[in-house]
Amino acid sequence: HHIDTADAHITLAEIPVVPLRHGLPQQLLDRAHSYIDTVTAAQSRLGAPRLHIDFEQKQITCGAHTLEKLDPRLFAWLAWWALRAAKGVAPAHWRDIDSQEFLQVYGLHIGDTLQAYDKACEQQANGFEKDYFLGNNSNLKRALEKQLGLAAEPYLLVSRGKRPQSTYGLALKPEEISFAGLPEELR
């Protein structure tokens with residue numbers, strides 16, 4: 001079968017360009033990745049939010065991205081907020097939250113013999129200190145945004161209401177949060 005190019009027609013189509021650079025994690029931008037790897041990473045951040053916390057492996061996965069080298073205190077901080085959200089606990093003001101709930105998650109995560117845990121227990125013996133509470137919120141936000149870019153949004157703590165009565169919590173629904181190796185003490 002003979003094909004004659006004289007009968008060929010060329011049709012040009014517009015290809016939409018969507019700038020995603022600001023939605024990609026810094027590690028993807030810093031390294032040499034193929035086009036396919038970059039597109040796959042960008043697409044994975046556009047799906048429905050899913051937060052998975054694996055206590056045995058000490059890993060947190062947001063969507064399709066597993067967080068790397070998250071500080072143990074921040075791991076426990078996010079895990080604690082996720083436990084509250086998974087149980088349907090309403091957002092709360094920092095003064096109204098029992099700091100022992102967080103300290104229990106922190107202690108189970110890092111072990112209760114470490115100096116950082118002892119210091120946290122000492123600081124929070126009478127409830128959360130405002131600076132400790134807000135500092136952890138800020139540090140968690142910074143860590144998630146560094147690794148997830150704009151895709152961090154569903155996993156960030158949300159402040160509701162006006163100062164000084166702002167309440168905090170995750171906006172994730174209980175069905176968007178899952179756990180593996182959840183210690184019996186936290187169920």
Side-chain angles (χ1 to χ4, degrees), residues 20-30 41 45 49-55 58-112 114-174 176-177 179 186:
L20 296 174
R21 179 174 182 78
H22 297 292
L24 295 175
Q26 191 60 43
Q27 65 199 34
L28 190 61
L29 299 173
D30 289 344
R45 283 156 175 69
R50 291 283 313 144
L51 178 62
H52 180 74
I53 300 177
D54 187 329
F55 283 89
K58 298 185 180 204
Q59 289 184 332
I60 295 179
T61 305
C62 299
H65 181 77
T66 300
L67 300 178
E68 296 178 12
K69 299 178 182 173
L70 191 62
D71 178 274
R73 181 177 41 86
L74 296 180
F75 178 103
W77 194 251
L78 181 55
W80 171 64
W81 282 110
L83 285 163
R84 290 176 58 85
K87 294 175 184 174
V89 177
H93 188 271
W94 65 270
R95 286 187 190 116
D96 300 329
I97 299 174
D98 182 2
S99 62
Q100 296 306 308
E101 293 174 12
F102 164 69
L103 292 172
Q104 183 181 24
V105 176
Y106 192 28
L108 288 169
H109 177 63
I110 66 168
D112 57 9
L114 296 175
Q115 185 177 7
Y117 175 76
D118 292 340
K119 183 178 179 183
C121 286
E122 188 178 306
Q123 289 176 329
Q124 309 316 315
N126 298 317
F128 279 119
E129 291 181 3
K130 181 178 180 181
D131 290 343
Y132 184 87
F133 183 88
L134 296 177
N136 279 341
N137 290 352
S138 177
N139 291 337
L140 179 62
K141 179 181 182 197
R142 196 168 24 260
L144 291 176
E145 287 177 340
K146 182 177 181 183
Q147 291 195 42
L148 301 173
L150 292 176
E153 190 68 29
Y155 310 103
L156 299 176
L157 294 172
V158 177
S159 171
R160 295 173 177 93
K162 293 184 179 183
R163 289 182 185 183
Q165 298 304 317
S166 299
T167 61
Y168 299 87
L170 286 174
L172 294 170
K173 300 173 189 155
E176 296 171 330
I177 303 169
F179 302 95
L186 299 179

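Keep in mind it's a predicted model, so treat the numbers as computed, not measured. Throughout, numbering of the chain's residues begins at 1 and tracks the sequence.
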*State, to 0.1 Å, how close Leu172 and Ala85 come at their nearest heavy-atom pair, and which atoms those are.*
O-CB, 4.2 Å

*Starting at SG of Cys62, measure out to CG of Leu78 and round the result to the nearest 0.5 Å.*
6.5 Å

*Measure the shortest side-chain to side-chain distance between His109 and Pro72 over non-hydrogen atoms and say whether it is less than 4.5 angstrom.*
yes

_Main-chain N/O of Thr61 paired with Tyr155 side-chain donor or acceptor, under 3.5 Å_ = no

*Quick one: does Gln147's side chain have a donor or acceptor within less than 3.5 Å of a partner on Glu68's backbone?*
yes

_Atom pair OG1 (Thr167) and CD1 (Ile97), whose distance is rounded to the nearest 0.5 Å_ = 9.0 Å

*What closest approach, in Å, do Ser159 and Ser166 show between heavy atoms, and which atom pair accounts for it?*
OG-CB, 3.6 Å

*When the aromatic ring centroids of Trp80 and Phe128 are compared, is their separation below 6.0 Å?*
yes

*asked:* Please check: side-chain N/O of Asp96 versus main-chain N/O of Ala92, any donor-acceptor pairing under 3.5 Å?
replied: no

_Are the side chains of Arg84 and Glu101 in contact, using a 4.5 Å heavy-atom criterion?_
yes

*Aromatic centroids of Phe75 and Tyr106 separated by under 6.0 Å*: no

_Using the rule given for side-chain contact (heavy atoms from CB on, under 4.5 Å), can you reason through Gln59 versus Leu70, listing the C-alpha separation, both sets of side-chain angles and the distance that settles it, and then say yes or no?_
CA-CA 9 Å; Gln59 289 184 332; Leu70 191 62; over 6 Å; no

*On the 0 to 90° scale, with breaks at 30° and 60°, tag the Phe102-Trp77 ring pair as parallel, tilted or perpendicular.*
perpendicular

_To the closest 0.5 Å, what do you measure between CG (Leu140) and CZ (Arg73)?_
9.5 Å

*Donor-acceptor pair, side chain of His93 and main chain of Pro164, under 3.5 angstrom*: yes

_Please find the pair of heavy atoms, one from Trp81 and one from Gly169, that lie closest to each other, and give the distance._
CZ3-CA, 3.7 Å

*asked:* Treating Glu176 as the side-chain partner and Lys173 as the backbone partner, does any N or O pair qualify as donor plus acceptor under 3.5 Å?
replied: yes

*Quick one: closest heavy-atom pair of Ala79 and Val105, and the distance?*
CB-CG1, 4.0 Å

*Between Arg160 and Pro91, what is the shortest heavy-atom contact and its length?*
NH1-CG, 2.9 Å

_Could you check, using the six-membered ring where one of them is a Trp, whether Trp94 and Tyr168 have ring centers closer than 6.0 angstrom?_
no

_My understanding is that only one of Leu83, Val158, Leu51 makes a side chain to side chain contact (heavy atoms under 4.5 Å, CB included) with Leu170; could you say which?_
Leu51

*Specify the closest pair of heavy atoms between Glu129 and Gln123, including all atoms of both residues, with the distance to one decimal.*
OE2-O, 3.3 Å

*Could you tell me the separation between the CG atom of Leu157 and the CG atom of Asn137, rounded to the nearest 0.5 Å?*
5.0 Å

*asked:* Treating Lys141 as the side-chain partner and Leu156 as the backbone partner, does any N or O pair qualify as donor plus acceptor under 3.5 Å?
replied: no

*Taking atom NE2 of His52 and atom CD1 of Ile177, what is their separation to the nearest 0.5 Å?*
12.5 Å

